[in-house]
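Right, one structure below, let's go through it.
We use all heavy atoms of the structure for the numbers below, so side chains are in, but hydrogens, waters and symmetry mates are not. Small disclaimer: the values here were computed from a predicted structure and weren't measured. The chains referred to below are lettered A, B, ... by the order of the sequence lines, with proteins before strands, and numbering in each begins at 1.
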Number of protein chains: 2
Amino acid sequence: MAANTQKKTRDADATRARILAAAKKEFAKSGLGGARVDEIADRAKANKRMIYHYFGNKEDLFRIVLEEAYTDIREAEQKLELEHLPAREALEKLIRFTWDYYLKNPEFITLVNSENLHKARHLKKSEKIDELFRRFVGMVGGLLERGVQEGVFRPGIDPVQLNITIAAIGYYYLTNRFTGSIVFKRDLMAPEALDERLAFNIETIMRLVCINP
Amino acid sequence: MAANTQKKTRDADATRARILAAAKKEFAKSGLGGARVDEIADRAKANKRMIYHYFGNKEDLFRIVLEEAYTDIREAEQKLELEHLPAREALEKLIRFTWDYYLKNPEFITLVNSENLHKARHLKKSEKIDELFRRFVGMVGGLLERGVQEGVFRPGIDPVQLNITIAAIGYYYLTNRFTGSIVFKRDLMAPEALDERLAFNIETIMRLVCINP
DNA sequence: CAAAGAAGTAACCAGTTAGTGCGTTAAGTG
DNA sequence: CACTTAACGCACTAACTGGTTACTTCTTTG
């Protein structure tokens, strides 16, 4: 039997994976400082000792969770294959993707927030991240150039600024949805509200980038 | 003597104020969960008992710090007196103000992030907030209407969406400056980078709102 | 000036938390 | 089957943390 599919009483990989999933939830819910190692162990139905066995300590566990989160979103982005679409459509697809991803993976936002509260000290130690983002920035840069050649995008737009802006208008809305709903006396998470926001975001970026928006 | 200005060995108001200032710093630095009451007491050069005497408990202290932070930014906004400017200039002034305020008061962003991590449960209990924001949303709504009448703004823009977007493009850049600087291999906090970002933000909003951007 | 009340302090407590020492049990291997 | 290796679990601890008790000192006021 090449791959063992039957449930084993002992399975290092499965335990490791359960711990990682539990850690992601707990860190996302409470932040690095607020997360409890015992809680992670309980959620993972693993013994706390195993966490230290596989991951060393709480901080290293957090770093690995974070690396995985970044890897996941970039992998999903790769699958969009924006190169095969006209620039304008590709840009809109990227905006929609970013929004949908944040919406379906709320832990991502909370993890990044937590990492920034700690001045990115875990990401600094990471070696996997560099490579990951080189490709990403390159992709958006290429998209912008292609749009200019097609005669639909304005020239001279900085891909980094555009990237940040596309992320910002979705990220901020979602990360601040709780205070926002109180402050603006509106349920920002109602389905219509979400649709409305996505439409507004597409309009914002299209007007910024396109010659004829 | 009506107002006592000389330094007293005992001064309830001064101690209260020192505790609040220290709490704001500590909460901003470490979040609600990571903040330490002992650390707040040390920073404030007050005895820990005083914190409980004046503020009840850690959560209430956080709520009051948060209320104060919101009050401060709204008060600063009021002083802009945007009503006395042409709509277009008023809008640009609002964008600049928002950016500058976040830049000069980084605790504000961190406090709001922390509150959202806790699903805004402190803000929900607050009674002072409602009034504060009614006026603010009204102001931006009025600005938009005025711009339409002046023939410079597009009609039909939702003031809440615009508000959120103006905040988002500054807030996201600054709150994620640590991971951003690594990911984009650029010092996002260099003076030129900050100027560049502000200019980009103004362009983004002007293209979104104005008829002739 | 004496009494009362408020400001301020030190020491402490009970519960919690990240991290470990050490023994047990299952899975692979010859 | 015996033996080694690695997964797993219990029970512990040293340090920490929010909150409190019991007390002292200063300021105000009748």
(request) Take the angle between the ring planes of A/H122 and A/H118 and call it parallel below 30°, perpendicular above 60°, tilted in between. (result) perpendicular
(message) In this structure, how many angstroms lie between the P atom of C/dG8 and the OH atom of B/Y52, rounded?
(response) 18 Å
(request) Using atom NE2 of B/H53 as one end and atom P of C/dG8 as the other, report the distance to the nearest whole Å. (result) 9 Å
(request) Using a strict cut-off of less than 4.0 Å between a Lys/Arg side-chain nitrogen and an Asp/Glu carboxylate oxygen, indicate whether B/R63 and B/E67 qualify as a salt bridge. (result) yes
(message) Within the 4.5 Å heavy-atom criterion, are A/V137 and B/V183 side-chain neighbours or not?
(response) no
(message) Need to verify one output field. Residue with the more 5' nearest nucleotide on DNA chain C, B/K48 or B/K45?
(response) B/K45
(message) Side-chain N or O of B/T15 versus OP1/OP2 of C/dG8: is the shortest distance under 4.0 Å?
(response) yes
(request) Tell me what A/Y54 touches on the nucleic acid: a base, only sugar-phosphate, or nothing, going by heavy atoms under 4.0 Å. (result) sugar-phosphate
(request) Identify, with sequence neighbours excluded, every residue that meets side chain to side chain donor-acceptor pair (under 3.5 Å) alongside A/T204. (result) none
(message) Using whole Å, what does the distance between atom C1' of nucleotide D/dA6 and atom CG of A/D11 come to?
(response) 13 Å
(message) In this structure, how many angstroms lie between the C1' atom of D/dC8 and the CG atom of A/D13, rounded?
(response) 15 Å
(request) Measure the distance from CG on A/D42 to P on C/dT16 and round it to the nearest whole Å. (result) 14 Å
(message) Just so I know, are the side chains of A/L198 and A/Y173 near enough to count as touching, which here means a heavy-atom distance under 4.5 Å?
(response) no
(message) Looking only at the side chain of A/A12 (C-beta and beyond, no hydrogens), which of the listed nucleotides C/dT9, D/dG19, D/dA7 gets closest?
(response) D/dA7
(request) Name the closest nucleotide to the B/M50 side chain, picking from D/dG18, C/dT9, C/dT20. (result) C/dT9
(message) Distance check needed: C/dA6 C1' versus B/N47 CG, whole Å only.
(response) 15 Å
(message) Distance check needed: D/dG19 P versus B/L61 CG, whole Å only.
(response) 10 Å
(request) Provide the full list of side chain to side chain donor-acceptor pair (under 3.5 Å) pairs with a residue in residues 70-84 of chain A, sequence neighbours left out, each pair given once. (result) A/R74-A/E77, A/E81-A/H84
(message) Tell me the interatomic distance from A/I51, atom CD1, to D/dC8, atom P, rounded to whole angstroms.
(response) 12 Å
Please write out the pairs of protein N or O atoms and N or O atoms of nucleotides 15-17 of chain D separated by less than 3.5 Å, giving the distance to one decimal.
| unit_1 | atom_1 | unit_2 | atom_2 | d |
| --- | --- | --- | --- | --- |
| D/dT17 | OP1 | B/R36 | NE | 2.7 |
| D/dT17 | O5' | B/R36 | NE | 3.4 |

(request) Would you indicate which nucleotide in D/dA6, C/dG21, D/dT21 comes nearest to any side-chain atom of A/R49? (result) C/dG21
(message) Could you report the tightest heavy-atom contact between A/I73 and A/F97, atom names first, then the distance?
(response) O-CZ, 4.0 Å
